Amino acid sequence: MKLIILGEPGAGKGTQAEILSQKFNIPTISTGEIIRNAIRQGTALGNEAKQYIDRGLLVPDSVVIDIIKDRLHEDDCKNGFILDGFPRTVPQADALTKMGITIDKVLSLEVPEEKIIQRISGRRQCNECGATYHVIYKPPKQENKCDVCGGELIMRKDDAPETVKNRLRVYHEQTEPLKDYYKNKDLLVVAYGQEEVKDTTKEVFKALGVEDYDYN
Ligand code: ADP
Ligand code: ZN
């Protein structure tokens, strides 16, 4: 299964991608996570990307396309993968085709914009290992401390309200056209985000035509 998940920042793509990943036993590839790791490690790529990501702008196509090319060649992608956050522009989508990759389905995860803002403002991430939390929906056991490694939980710089506005604008301008792009290829399915993660998962599986899932 080769799947793309589209959706506004904060729509919950990462959460659903993780669940699908376990169900199908294929990796989730998040360009955002790859870039944030590079920034944490202070690599050349990280330093270049930081100036874009912190302002809520897209990292240049050539940079992310190179990242994805390398990642998709790794062994664990042989049986499929879930792309979370790639492609985000038409040239990126064209690049996938040029790599000879046939996508099975493109899932658009739709969430009303007021929900998005509310969700993003509560998001926290471990400064050390990158594990993600939400102050209301997925709180850590100890306030501000990572359950996995004990690291400090911080707000992503690009989750600041002014930057989120930029990211939403960028999404509408550059990423949303991909819905039509994939609709025209007959690959698009839509799921509507719900209050509870497991209810959203139910919608996601329905949209993908997967029946046998224990949602609890
Ligand atoms: P979200 O979906 O919540 O915006 P991501 O982690 O997917 O979060 O992306 C965060 C940031 O990483 C984006 O705003 C952008 O700067 C950069 N980024 C991630 N994926 C891409 C991509 N495919 N093309 C360009 N920039 C990207
Ligand atoms: Zn951690």
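Here the structure is a predicted model, which means the values were calculated and not measured. Each ligand, and each atom within it, is numbered from 1 in the order the structure gives.
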Checklist line | The one among L57, D54, L58 that brings a heavy atom closest to atom 16 (O) of ligand 1 | finding: L57

Notebook entry, point to check: Is ligand 1 under 4.0 Å from a heavy atom in the side chain of R119, in the backbone, in both, or in neither?
Noted result: neither

Note to self: Contact between ligand 1 and K50 is defined here as a heavy atom of the residue under 4.0 Å from a ligand atom; is it met?
What the structure shows: no

Margin query: Using only atom types and a distance under 3.5 Å, with no angle test, would you say the side chain of T200 pairs donor to acceptor with the backbone of Q194?
Written below: yes

Next item on the list: Look at atom 20 (N) of ligand 1 and find which of T31, I5, T175, L168 reaches it with the closest heavy atom.
Entry: T31

Checklist line | Under-4.0 Å heavy-atom contact with ligand 1, by part of V64 that carries it | finding: side chain

Notebook entry, point to check: Considering distance alone, does some N or O of K13 sit under 3.5 Å from an N or O of ligand 1?
Noted result: yes

Checklist line | N or O contact, D158 vs ligand 1, cut-off under 3.5 Å | finding: no

Next item on the list: Considering only non-hydrogen protein atoms, determine which one is nearest to atom 8 (O) of ligand 1 and report residue, atom name and distance to 0.1 Å.
Entry: R156 NH2, 3.2 Å

Next item on the list: With rounding to the nearest 0.5 Å, note down the distance linking NZ in K2 to CG in L72.
Entry: 9.0 Å

Margin query: Heavy-atom count check: over 12 atoms from other residues, nucleotides or ligands less than 6.0 Å from Y192 OH?
Written below: no

Note to self: Quick check: S30 and ligand 1, any N/O pair under 3.5 Å apart?
What the structure shows: no

Checklist line | From T89 atom OG1 to L178 atom CG, the distance as rounded to the nearest 0.5 Å | finding: 7.0 Å

Next item on the list: Using the salt bridge (charged side-chain N to carboxylate O under 4.0 Å, His left out) rule, take D159 and R124 through it: C-alpha gap first, then chi angles, then the decisive distance, then the call.
Entry: CA-CA 9 Å; D159 276 352; R124 298 292 181 272; over 6 Å; no

Next item on the list: Give the atoms of ligand 1, by number and element, whose distance to some non-hydrogen atom of R167 is under 4.0 Å.
Entry: 1 (P), 3 (O), 4 (O), 8 (O)

Item checked: Element-labelled atoms of ligand 1 that are located less than 4.0 Å from some non-hydrogen atom of Q92 -> 22 (C), 23 (N), 24 (N), 25 (C)

Notebook entry, point to check: With a 4.0 Å heavy-atom cut-off (strictly under), which part of Q174 contacts ligand 1: side chain, backbone, both or neither?
Noted result: neither

Notebook entry, point to check: Do Q41 and T43 get their side chains close enough for a donor-acceptor pair, meaning under 3.5 Å?
Noted result: no

Note to self: Considering both backbone and side-chain atoms of E8, is one of its nitrogen or oxygen atoms within less than 3.5 Å of a nitrogen or oxygen in ligand 1?
What the structure shows: no

Check: If you stand at the Zn ion (ligand 2) and look out to SG of C149 and SG of C126, what angle do those two lines make, to 10°?
Finding: 100°

Check: Quick one: which ligand 1 atoms are inside 4.0 Å of a heavy atom on G10?
Finding: 3 (O)

Next item on the list: Kindly confirm or rule out an N or O of R36 lying under 3.5 angstrom from an N or O of ligand 1.
Entry: yes

Note to self: More than 12 heavy atoms of other residues, nucleotides or ligands under 6.0 Å from CG of N184: yes or no?
What the structure shows: yes

Check: Should the proximity of D61 to ligand 1, defined as any heavy atom under 4.0 Å, be assigned to the side chain, the backbone, both, or neither?
Finding: neither

Next item on the list: Ignoring angles and geometry beyond distance, decide whether I35 reaches within less than 3.5 Å of ligand 1 through its nitrogen or oxygen atoms.
Entry: no

Item checked: For atom 27 (C) of ligand 1, closest protein heavy-atom neighbour -> R88 CD, 3.9 Å

Notebook entry, point to check: If you round to the nearest 0.5 Å, how far is CD of Q92 from CD1 of I68?
Noted result: 8.5 Å

Next item on the list: Any atoms of ligand 1 less than 4.0 Å from a non-hydrogen atom of I53? List them with their elements.
Entry: 11 (C), 12 (O), 16 (O)

Next item on the list: List the steps, then state whether side-chain contact (heavy atoms from CB on, under 4.5 Å) holds for I65 with M99.
Entry: CA-CA 10 Å; I65 289 167; M99 286 175 221; 4.0 Å; yes

Next item on the list: Identify which of P87, G14, G85 has a heavy atom lying nearest to atom 23 (N) of ligand 1.
Entry: G85

Check: Nearest to atom 26 (N) of ligand 1, what protein heavy atom do you find, and at what distance?
Finding: V59 N, 3.0 Å

Next item on the list: Tell me, with the steps shown, if D76 and R71 meet side-chain contact (heavy atoms from CB on, under 4.5 Å).
Entry: CA-CA 9 Å; D76 62 338; R71 183 63 188 87; 2.8 Å; yes

Next item on the list: Verify, without hydrogens or angle tests, whether R167 (side chain) and D158 (backbone) share a donor-acceptor contact under 3.5 angstrom.
Entry: yes

Notebook entry, point to check: Hey, does Y181 have a side-chain heavy atom less than 4.5 Å from the side chain of L6?
Noted result: no

Item checked: Pair K115 + E195: basic N to acidic O under 4.0 Å -> yes

